[in-house]
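On a predicted model such as this, the values are computed, not experimentally measured, just so you know. Chain letters run A, B, ... following the sequence lines, proteins first and then strands; every chain starts at 1.
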There are 2 protein chains.
Amino acid sequence: MEALTIHEAAETSGWTPRMLRYIERIGLIETARTEAGYRQYGPGELQRLRTLRELLADHEIGLGDVAFALRLRRDEALSGAVDSWLEAEPQRPEAVSADEWLRWEQEKHARIIAALTTNETMETAA
Amino acid sequence: MEALTIHEAAETSGWTPRMLRYIERIGLIETARTEAGYRQYGPGELQRLRTLRELLADHEIGLGDVAFALRLRRDEALSGAVDSWLEAEPQRPEAVSADEWLRWEQEKHARIIAALTTNETMETAA
DNA sequence: TCAACCTTGACACAGCTTTGATAAGGTTGA
DNA sequence: TCAACCTTATCAAAGCTGTGTCAAGGTTGA
């Protein structure tokens with residue numbers, strides 16, 4: 001046995017063994033395993049475990065947030081979709097073209113219909 | 001009044017008025033307001049509300065995740081910290097230099113001390 | 001051999017998130 | 001004027017997250 005066991009790693013990193021398993025489960029920090037399946041923590045993992053604590057404390061974020069950030073950087077399609085949603089600044093009423101506003105200037109029910117129609121042209125068919 | 005009210009927007013976008021307020025509260029999609037403070041939804045907002053639904057459904061993420069992604073892109077310090085944590089691949093036991101391993105090869109208590117020492121040097125020179 | 005580890009899985013609980021409902025009060029338009 | 005909206009604030013319930021603890025069983029080393 002060369003590296004620290006989960007209890008030793010917990011002791012030195014400030015997490016509990018339970019949390020070390022949880023952190024692994026959500027995809028942050030995987031460890032090598034011994035033949036028998038025991039987790040092995042080396043200096044690199046210990047370092048990451050400590051900086052992880054700092055990261056959470058310094059920015060008031062949770063493990064789930066870091067896990068989501070990881071997912072974002074691994075799933076190209078996801079990050080693309082999220083980014084393009086975030087980038088698309090909404091066109092406020094003020095920013096809409098004049099004749100689009102003509103259509104918009106209707107009484108309530110007609111406006112709703114118009115909105116639906118506008119949308120269908122925008123996204124094939126909802 | 002030119003744009004849709006919150007109930008109309010809810011009706012056409014598939015959210016509830018409650019959720020529209022919630023979505024605004026967590027920082028996604030802010031709307032213009034009338035003099036009296038009524039929210040105004042234009043075509044842009046409606047589009048974003050619909051694509052938001054798709055985004056969540058397509059990738060099985062939550063509103064909180066999108067809010068966190070927004071926070072990431074607004075808070076440079078946060079995204080930098082998260083990114084550098086994610087980028088720092090842990091050096092596995094196998095990847096550690098030979099003489100570092102000499103120190104590592106001790107009985108349990110000494111190993112823990114060694115781990116702490118190793119970490120201190122790593123933190124200053126990470 | 002056997003105490004002291006390790007593993008996974010399950011039950012449990014506090015606290016936060018997401019969502020609805022309801023209340024008290026202002027706005028709007030026929 | 002008054003019904004039907006809107007606003008914010010609050011109470012509440014369902015669900016998820018983070019965490020502990022325990023059980024059943026395998027591993028290790030003195």
Side-chain angles (χ1 to χ4, degrees), chain A residues 1-42 45 49 52-53 55-57 59-71 105-112, chain B residues 1-42 45 49 52-53 55-57 60-71 93 105-112:
Chain A
M1 184 93 138
E2 296 129 338
L4 297 189
T5 66
I6 195 170
H7 273 269
E8 295 163 352
E11 218 172 311
T12 59
S13 69
W15 296 95
T16 58
R18 178 64 162 92
M19 288 311 294
L20 260 30
R21 296 195 185 98
Y22 183 66
I23 287 166
E24 179 182 288
R25 192 168 195 288
I26 64 179
L28 284 21
I29 306 184
E30 346 81 55
T31 63
R33 298 290 189 117
T34 67
E35 296 273 318
Y38 287 18
R39 289 172 182 81
Q40 304 182 103
Y41 292 85
E45 281 82 19
L49 284 170
L52 180 56
R53 282 189 139 292
L55 181 64
L56 302 192
H59 300 276
E60 303 209 45
I61 63 179
L63 290 168
D65 293 325
V66 182
F68 182 67
L70 177 61
R71 202 182 147 193
E105 297 284 356
Q106 315 270 327
E107 56 83 22
K108 189 176 299 180
H109 201 63
R111 281 216 312 279
I112 294 180
Chain B
M1 182 94 136
E2 295 129 339
L4 297 188
T5 66
I6 195 169
H7 273 271
E8 294 162 353
E11 218 174 310
T12 58
S13 69
W15 296 95
T16 58
R18 178 65 162 92
M19 289 311 294
L20 260 31
R21 297 195 184 98
Y22 184 65
I23 287 167
E24 179 182 288
R25 192 169 195 289
I26 64 178
L28 285 20
I29 305 182
E30 346 80 56
T31 63
R33 299 289 188 117
T34 66
E35 294 274 317
Y38 287 19
R39 289 173 183 81
Q40 304 182 103
Y41 292 84
E45 280 82 18
L49 284 170
L52 180 56
R53 284 189 137 288
L55 181 64
L56 301 192
E60 305 210 43
I61 63 181
L63 289 170
D65 293 325
V66 182
F68 182 67
L70 177 60
R71 201 183 148 194
E105 296 284 356
Q106 315 270 326
E107 55 82 23
K108 188 175 298 180
H109 202 62
R111 280 215 314 280
I112 294 179

Asks: Given that Arg18(A) and Ala36(A) both sit by DNA chain C, which one's nearest nucleotide is further toward the 5' end?
Replies: Ala36(A)

Asks: Under a 4.0 Å threshold between the charged nitrogen and the carboxylate oxygen, would Arg33(B) count as salt-bridged to Glu24(B)?
Replies: yes

Asks: What does dG29(C) pair with, Watson-Crick or G-U, if both distances are under 3.5 Å?
Replies: dC2(D)

Asks: Respond yes when some side-chain nitrogen or oxygen of Arg39(B) is under 4.0 Å from OP1 or OP2 of dC5(D), and no when none is.
Replies: no

Asks: Can you find a side chain N or O atom of Arg25(B) that sits less than 4.0 Å from OP1 or OP2 on dT19(C)?
Replies: no

Asks: Mind calculating the distance between CD (Glu35(A)) and P (dT7(C)) to the nearest angstrom?
Replies: 15 Å

Asks: Could you tell me how far apart Phe68(B) (CZ) and dT18(C) (P) are, to the nearest whole angstrom?
Replies: 13 Å

Asks: Using whole Å, what does the distance between atom C1' of nucleotide dA14(D) and atom CE of Met19(B) come to?
Replies: 14 Å

Asks: Should the pair Glu30(B)-Arg21(B) be classified as a salt bridge under the 4.0 Å nitrogen-to-oxygen rule?
Replies: no

Asks: Take the protein atom CD1 of Ile23(A) and the nucleotide atom P of dG20(D), then report the distance between them rounded to whole Å.
Replies: 11 Å

Asks: May I have the distance from Leu63(B) (atom CG) to dG15(D) (atom P), rounded to whole angstrom?
Replies: 17 Å

Asks: Partner lookup for dG20(D), please. Criteria are Watson-Crick or G-U wobble with both distances under 3.5 angstrom; report none if nothing qualifies.
Replies: dC11(C)

Asks: For atom CZ of Arg53(A), decide whether the heavy atoms of other residues, nucleotides or ligands shown that lie under 6.0 angstrom number more than 12.
Replies: yes

Asks: On the nucleotide dT19(C), are OP1 or OP2 found under 4.0 Å from the side-chain N or O atoms that Tyr22(B) carries?
Replies: no

Asks: Starting at CD1 of Ile6(B) and ending at C1' of dT7(D), how long is that distance when rounded to a whole Å?
Replies: 9 Å

Asks: Rounded to whole angstrom units, what separation is found between the CZ atom of Arg21(A) and the C1' atom of dC5(C)?
Replies: 11 Å

Asks: Whole angstrom is fine here: how far is it from CD1 in Ile61(B) over to C1' in dC16(D)?
Replies: 16 Å

Asks: How many angstroms lie between atom CE of Met19(B) and atom CG of Leu52(B), to the nearest 0.5 angstrom?
Replies: 9.0 Å

Asks: Heavy atoms from C-beta onward define the side chain here; which of dT28(C), dT17(D), dT7(C) lies closest to that of Tyr38(B)?
Replies: dT28(C)

Asks: Does Arg33(A) or Thr16(B) map to a spot on DNA chain C nearer the 5' end, using the closest nucleotide for each?
Replies: Arg33(A)

Asks: Which distance, rounded to the nearest 0.5 Å, do you find between the CH2 of Trp15(A) and the CD1 of Ile23(A)?
Replies: 4.0 Å

